[in-house]
Amino acid sequence: MAIRDDFEVAASQVRTVVQRFALGLLVIVTFGVMLVGKADTVLVEHARVLALDMVSPVLEAIARPVAYANRAIADLREFASLRDENARLREENARLLAWQTAARRLENENEGLRSLAKFREGPEASFITARLVGDSVSAYMRGALLNVGRRVGVAPGQAVVTGEGLAGRIAEVGENSSRVLFVTDVNSRLPVLVERTRERAILAGDNSPRLRLALLQSIAGVQTGDRIVTSGHGGSFPVGIPVGEVVETSEGTVRVRPFTDFSRLEFVRVVDYGVTGLVGSGAGTPAPSAPPAGVRVR
């Protein structure tokens, strides 16, 4: 019992000493570790690399199932998008097949009508590119002066077109110049069709930015957005030249916005479709050498 008591007394004294000097011992140990690290950085680096080598396989083993799961989710999403894309392509293919069937039917019908009527194609259209050198825009006139004339084949009645559609027709021709009458001019009258309904009408200008569709059998079938094209009647122009779009159908009035932007017009094409009709040849009507009244030279 005496030995045991002596041991407990010694242990208690050692514990008291350790508790009293614990903070100082920790500081000393930490300082020693820092000294070792500073003294032998190579050893510390090797230890860190070794730890990374040991941990890397574990991290890879953990990350591999996550990568597989992400890949599987991506495959499922791609499969769903492919299914939707396949359905869309099937619908588009069905529409294209319907259009193909209609095109073949119309082609066969067209060939039959051609053979029945002994139809012959008209002459190929030829054109001359011209530049506007003067404006004939006033309260009473909508037109322009072009820098081409009879010398290069321009003749009265030929169509003047832009990339958007019909701009007007040649009204007067000289040797080296000509005057175009825009479709917006009050003197312009053009046989046209409502492209969707195939209803005939007369497109008239009134010196305003909008054209007036007249002589319609009924305006009930005309809708905003309908395209207006030349009808080919009267022999003035061939059928199908785009002219404008219906923008107003109210109070018995149908208004058409021309496709051509006359405010930005600089170059046009004078097209000879090989047809004659409402406009005479006018070979003896020369364009004046100087711009007429109301013409502004550019």
Side-chain angles (χ1 to χ4, degrees), residues 120-192 202-209 211 228-244 258-298:
R120 292 184 179 180
E121 291 284 354
E124 291 186 1
S126 59
F127 68 88
I128 300 168
T129 301
R131 181 170 186 166
L132 276 69
V133 294
D135 294 332
S136 298
V137 177
S138 66
Y140 308 102
M141 183 183 299
R142 291 292 185 274
L145 195 66
L146 305 182
N147 65 342
V148 294
R150 190 181 299 109
R151 181 172 296 180
V152 293
V154 178
Q158 292 179 345
V160 178
V161 301
T162 64
E164 292 77 22
L166 183 68
R169 60 175 173 84
I170 298 296
E172 297 178 358
V173 182
E175 285 297 320
N176 299 302
S177 62
S178 56
R179 186 172 67 87
V180 54
L181 185 72
F182 290 151
V183 294
T184 54
D185 190 274
V186 70
N187 296 309
S188 175
R189 297 293 185 273
L190 186 65
V192 294
I202 296 295
L203 194 63
D206 57 4
N207 287 354
S208 70
L211 307 173
I228 305 300
V229 299
T230 56
S231 66
H233 296 92
S236 55
F237 301 119
V239 64
I241 304 176
V243 183
F259 288 134
T260 300
D261 184 0
F262 295 98
S263 64
R264 299 183 180 182
L265 208 55
E266 184 176 2
F267 293 95
V268 295
R269 284 183 175 181
V270 181
V271 185
D272 181 9
Y273 289 102
V275 295
T276 57
L278 297 179
V279 182
S281 61
T285 307
S289 57
V295 175
R296 184 174 68 254
V297 178
R298 293 189 175 186

Return the set of residues passing side-chain contact (heavy atoms from CB on, under 4.5 Å) with S231 (not counting sequence neighbours), or none when no residue passes. P191, L193, H233
Are Y273 and I241 close enough that some pair of their side-chain heavy atoms sits under 4.5 Å apart? yes
Spacing of CG belonging to N147 relative to CZ belonging to R131, to within rounding of 0.5 Å: 8.0 Å
Output the distance between atom CZ (F259) and atom CD1 (I228), rounded to the nearest 0.5 Å. 8.5 Å
Between CZ of R269 and OG1 of T129, what distance do you get to the nearest 0.5 Å? 5.5 Å
Can you tell me if D272 uses its side chain to pair, donor with acceptor, with the backbone of S126 under 3.5 Å? no
Taking R150 for the side chain and V173 for the main chain, is one N or O donor matched with an acceptor at less than 3.5 Å? yes
Could you tell me whether the side chain of L190 reaches within less than 4.5 Å of the side chain of F237, counting heavy atoms only? yes
Roughly how far, to the nearest 0.5 Å, is the CG atom of D185 from the CG atom of D206? 10.0 Å
Please evaluate residues V183 and L203 with respect to the criterion side chain to side chain contact (heavy atoms under 4.5 Å, CB included), reporting the C-alpha separation (whole Å), side-chain torsions for both, the decisive distance (0.1 Å), and the verdict. CA-CA 8 Å; V183 294; L203 194 63; 5.7 Å; no
For R151, what residues pass the salt bridge (Lys or Arg N to Asp or Glu O under 4.0 Å) criterion, not counting sequence neighbours? none
If you define the side chain from C-beta out and look only at heavy atoms, does anything of T260 sit under 4.5 Å from L166? no
With a 4.5 Å cut-off on side-chain heavy atoms, are V154 and L146 touching? no
Minimal non-hydrogen separation, Q158 against V271, with atom names: CB-O, 3.5 Å
Between V180 and V268, is there a side-chain heavy-atom distance shorter than 4.5 Å? no
State, with a plain yes or no, whether a side-chain heavy atom of F127 is found less than 4.5 Å away from one of V161. no
Does V148 offer a backbone N or O that forms a donor-acceptor pair with the side chain of S178 under 3.5 Å? yes
